Structures are given as C-alpha cells and as structure tokens.
There are 2 protein chains.
Amino acid sequence: MDSAVARERVLDAAEELFYGRGIQSVGMDDIRGASGVSLKRLYQLFPAKEQLVEAYLERRDGRWRGRLAEFVDLRPAPEERLLAVFDWLEEWFGEEGFRGCAWINSYGELGATSDRVATQVRAHKKAFGDYLASLVTAAGRPAALAGPLFLLAEGAMVTAGITRSTRPAAEAREAAGLLLDSR
Amino acid sequence: MDSAVARERVLDAAEELFYGRGIQSVGMDDIRGASGVSLKRLYQLFPAKEQLVEAYLERRDGRWRGRLAEFVDLRPAPEERLLAVFDWLEEWFGEEGFRGCAWINSYGELGATSDRVATQVRAHKKAFGDYLASLVTAAGRPAALAGPLFLLAEGAMVTAGITRSTRPAAEAREAAGLLLDSR
DNA sequence: GCACCTGGAGAACGTACGTTCTCTCCCGTT
DNA sequence: AACGGGAGAGAACGTACGTTCTCCAGGTGC
C-alpha cells in the first residue's frame with residue numbers, strides 16, 4: 001500500500017474516532033483496527049499520538065473551512081453571503097454523527113495540557129473569525145459587526161453540540177439578521 | 001477530621017484540579033495530595049471517580065448560578081438586570097485562573113463517553129437558559145429574545161476561554177443591547 | 001535458488017492510574 | 001494496661017495504553 005494512501009486511511013480513521021469519541025478515549029490500537037494500517041507503519045507516519053492529533057485537526061481545518069467557503073460562494077449578493085454562513089451551520093448541525101465543534105471539544109479536552117493543540121484551536125478560530133470579518137466588510141458593513149456574529153456562530157456550535165439540535169443555527173441566523181438591520 | 005469537612009476539602013481540590021487541568025489528566029492520587037484526604041477516606045466519600053466528577057459539576061453549578069443571580073440582583077431595573085448578565089460574564093472572564101466554561105469543557109472531554117456527565121451539562125445549560133428567559137419576560141420582552149441572548153453568552157464563554165480575553169463579554173453585551181433595541 | 005529487504009501481526013515493555021489491601025498507629029473505652 | 005476500631009500511608013493489583021521489538025512471510029534482485 002502506498003504511503004500516501006496509508007496516511008489518508010489513518011487520518012480518516014483518526015478523524016472518525018477522535019471526533020466521535022474524544023481524543024483521549026481512542027487508543028492507537030483503535031486507529032490501527034479502524035484504518036487497517038499496522039502499528040509499525042502508523043508510527044512511521046506519525047511518530048507519536050500527539051502528531052496524529054495535530055494532523056487530524058489540521059486536515060479537518062482545511063476541509064471545514066473549504067466546505068463553508070464553497071457553500072457561501074454559491075451566493076453572489078454580499079449580504080446573503082454573510083447570512084449563508086448560518087445556513088451552512090444548520091446543514092452541518094444536521095449531519096449524521098454531528099457532535100459539536102471539533103476544536104471546541106479538543107480544547108476542552110487538551111487545551112490545558114497540550115500547547116500545540118491549544119495553538120491550533122486558536123488558529124482555527126482566528127481563521128474563521130477573519131473569514132467572517134472579510135464577509136462583513138465585503139458587504140460594506142462596519143467591521144465591528146464581525147465580533148458579535150462570530151459569537152453567535154460559536155454559541156450556536158456549542159449549543160447544537162450539547163443539545164443535539166439544529167435549532168441554534170436558525171436562532172443565530174435570525175439574530176444576525178436583526179443585528180444587520182440595526183446598523 | 002469531620003466527614004463533611006473532608007468532603008469539602010476533596011471537592012475544593014477536585015474543582016481546582018479538574019477545572020484547571022481537565023478531568024482525565026487529574027488522577028485520584030492528585031486529589032489526595034491536594035486535599036490531604038487519604039485515598040481510603042476519599043473512596044468512602046466517593047466510591048468512584050465518576051461520582052466525584054458529578055459532585056464537582058453539581059456543586060459548581062449551584063455556586064456558579066448563585067453568583068450570577070447575586071450579581072444580577074444588585075440591579076432593580078428589569079432591563080438592566082438582563083444586561084447585567086454580560087457584565088458578570090466579564091468579571092468572571094477576568095478572574096485569575098479562568099479557563100472557560102467548566103461544562104463546555106467537560107462536555108468536550110467526556111460528553112461522548114459518559115452519559116451522566118452529558119446529562120449534567122445539558123441540565124446546567126438548560127438552567128442557565130431558563131434563567132435568561134425569566135429575565136427576558138420579566139423585562140416585558142418577547143420570549144423569543146432569550147435564545148439569541150443565550151447564544152451570545154455561550155459564544156462569549158467559549159471565545160473567552162480559548163483566547164483568554166475578557167473582550168467577548170463586552171462584545172456580547174453590546175450585541176445584546178442592539179437586539180433589545182431592535183424589538 | 002538464495003540472500004535481502006519490506007511490511008504485517010501481535011507480543012512485549014514501561015508507565016500511569018483507578019481501586020483495593022495491608023500494616024501500623026492512635027485514641028477511646030473498660 | 002489491654003483491647004478494639006477507625007484512620008492514614010502507601011504498597012499492591014489489574015488494566016489500559018503509548019511505544020517498541022520480535023518474528024515471520026513474501027516479494028525482489030543476483
């Protein structure tokens with residue numbers, strides 16, 4: 001099996017298991033079982049579990065933001081693009097196996113003990129916030145609007161994860177609309 | 001040493017360690033060391049770690065909501081009481097050792113593996129949401145306002161925890177004010 | 001055909017940790 | 001003074017898991 005293929009399989013297994021059950025409760029042996037890649041190879045690809053965790057978060061970051069941008073790009077009107085973020089959240093929340101925001105969960109689990117994880121979470125959230133800010137300014141709205149919209153989105157992610165409901169997305173979208181109208 | 005005193009000491013130690021470093025990375029031996037209560041007594045009081053975790057979350061829930069209500073009760077005007085929630089968040093975020101919302105963190109760590117923890121997190125969030133809703137109706141505002149305010153508060157907690165900043169509280173408060181003005 | 005390398009399966013190792021057990025000391029009672 | 005019971009210190013036990021090692025099969029180049 002090609003090294004690149006093995007790497008993908010490992011990352012696929014890691015993402016499903018880490019996201020679904022939490023990081024610390026998944027052992028390297030579980031990853032081996034789910035990926036079909038032997039421990040030896042696994043450790044050649046990722047010399048330690050923490051590096052696999054980082055690779056998991058990093059790949060997921062690219063995909064997550066890519067999917068969001070792709071969805072938003074279907075809308076041409078700047079104002080609509082901004083609200084589309086919340087529509088996408090609703091889609092995401094409704095997906096089978098949705099279990100909240102991977103970065104918020106990872107931060108709760110490892111933020112206090114792993115600087116590298118904490119740094120990656122901050123980077124991801126900053127990138128999401130920056131993206132939101134770019135949509136705000138593209139819509140010709142005051143930059144100060146980005147912060148509150150970000151908080152609404154974060155609150156929706158957390159609440160959707162805990163309550164296993166898609167409703168927070170609609171609430172956040174409505175509130176976002178009101179904020180946009182009020183300025 | 002009185003049993004009730006030992007219990008308090010254990011819970012004090014558990015709260016400091018669990019909240020500060022996460023639950024899974026704190027061993028029962030750490031609790032013993034920090035509390036000065038022997039393992040034997042510790043297990044008499046809490047027959048398993050999970051029960052200690054539950055007791056930790058439960059006691060913190062009472063205290064957290066108590067402190068919030070106390071702060072809010074300093075204001076007589078219903079409208080002001082609503083916004084005071086965000087002022088209190090700002091105070092909380094600025095406290096030494098603040099590390100985000102204990103329940104959001106615990107959910108990220110154990111929500112997928114411990115039903116009891118997940119249930120307690122949902123109960124805590126529901127209680128907070130209900131409290132917010134009671135403030136909204138007491139201010140004579142439409143009940144539908146409670147959801148968005150809740151999301152703003154949750155988003156602020158998460159963001160303050162990750163970025164170690166008090167700023168999200170002010171942003172959330174400002175957005176809350178705009179939402180209140182817009183209806 | 002044979003030496004050699006690669007990779008897989010899984011045993012092995014070391015450590016951490018939840019939980020229990022042992023031993024000893026201290027205190028109150030008789 | 002003798003005794004019983006509770007408490008503390010910490011050893012012990014079992015398990016889980018991150019990581020490494022061993023062994024062997026199978027394929028490849030001479």
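Chain letters run A, B, ... following the sequence lines, proteins first, then strands; residues in each count from 1. Bear in mind that the values here come from a model prediction, so they are computed numbers and not experimental data.
When all heavy atoms of B/Arg21 and A/Thr113 are compared, the closest pair comes out as O-CG2, 3.8 Å. Taking both residues in full, the closest heavy atoms of A/Leu152 and B/Pro148 are given as CD2-O, 4.0 Å, listed atom of the first, atom of the second, then distance.
Distance CE (A/Met28) to C1' (C/dC13): 17 Å, rounded to an integer number of Å. Per the geometry, CZ belonging to B/Arg32 stands 7 Å off P belonging to D/dG10, to the nearest Å. One can place CZ of A/Arg41 at 14 Å from C1' of C/dA9, the figure rounded to the nearest angstrom. Here D/dC17 presents its P atom at 15 Å from CG of A/Leu52, a figure rounded to the nearest Å. Atom-to-atom, CD of A/Gln51 to P of D/dG18 comes out at 14 Å; the value is rounded to the nearest Å. Atom C1' of nucleotide C/dT19 and atom CD1 of B/Ile31 are separated by 14 Å, given to the nearest angstrom. Nucleotide D/dG8 holds its C1' atom 13 Å from the CG atom of B/Asp29, rounded to whole Å. Residue B/Gln24 contributes atom CD, which lies 13 Å from atom C1' of C/dG18 at whole-angstrom precision.
The shortest distance between side-chain heavy atoms of A/Leu135 and A/Pro78 does not fall below 4.5 Å.
Of the possible donor and acceptor atoms, none in the side chain of B/Glu154 sits under 3.5 Å from a partner among the backbone N and O of A/Val158.
For C/dG8, neither phosphate oxygen OP1 nor OP2 lies less than 4.0 angstrom from any side-chain nitrogen or oxygen of A/Lys40.
Contacts between residues 110-117 of chain A and DNA chain D, counted as heavy-atom distances below 4.0 Å, involve no residue at all.
Annotation: side chain to side chain contact (heavy atoms under 4.5 Å, CB included) contacts of A/Arg67 (sequence neighbours excluded): A/Trp88, A/Trp92, A/Glu95. Partners of A/Glu91 by side chain to side chain contact (heavy atoms under 4.5 Å, CB included), not counting sequence neighbours, listed by chain and number: A/Phe71.
Between A/Lys49 and B/Leu39, the one whose closest nucleotide on DNA chain D sits nearer the 5' end is B/Leu39.
Comparing C/dG18, D/dG8, D/dT19 by their closest approach to the side chain of B/Ser38 singles out D/dG8.
Geometrically, A/Arg60 engages A/Tyr19 in a cation-pi contact, judged by NZ or CZ lying under 6.0 Å from the ring centre and within 45° of the ring axis.
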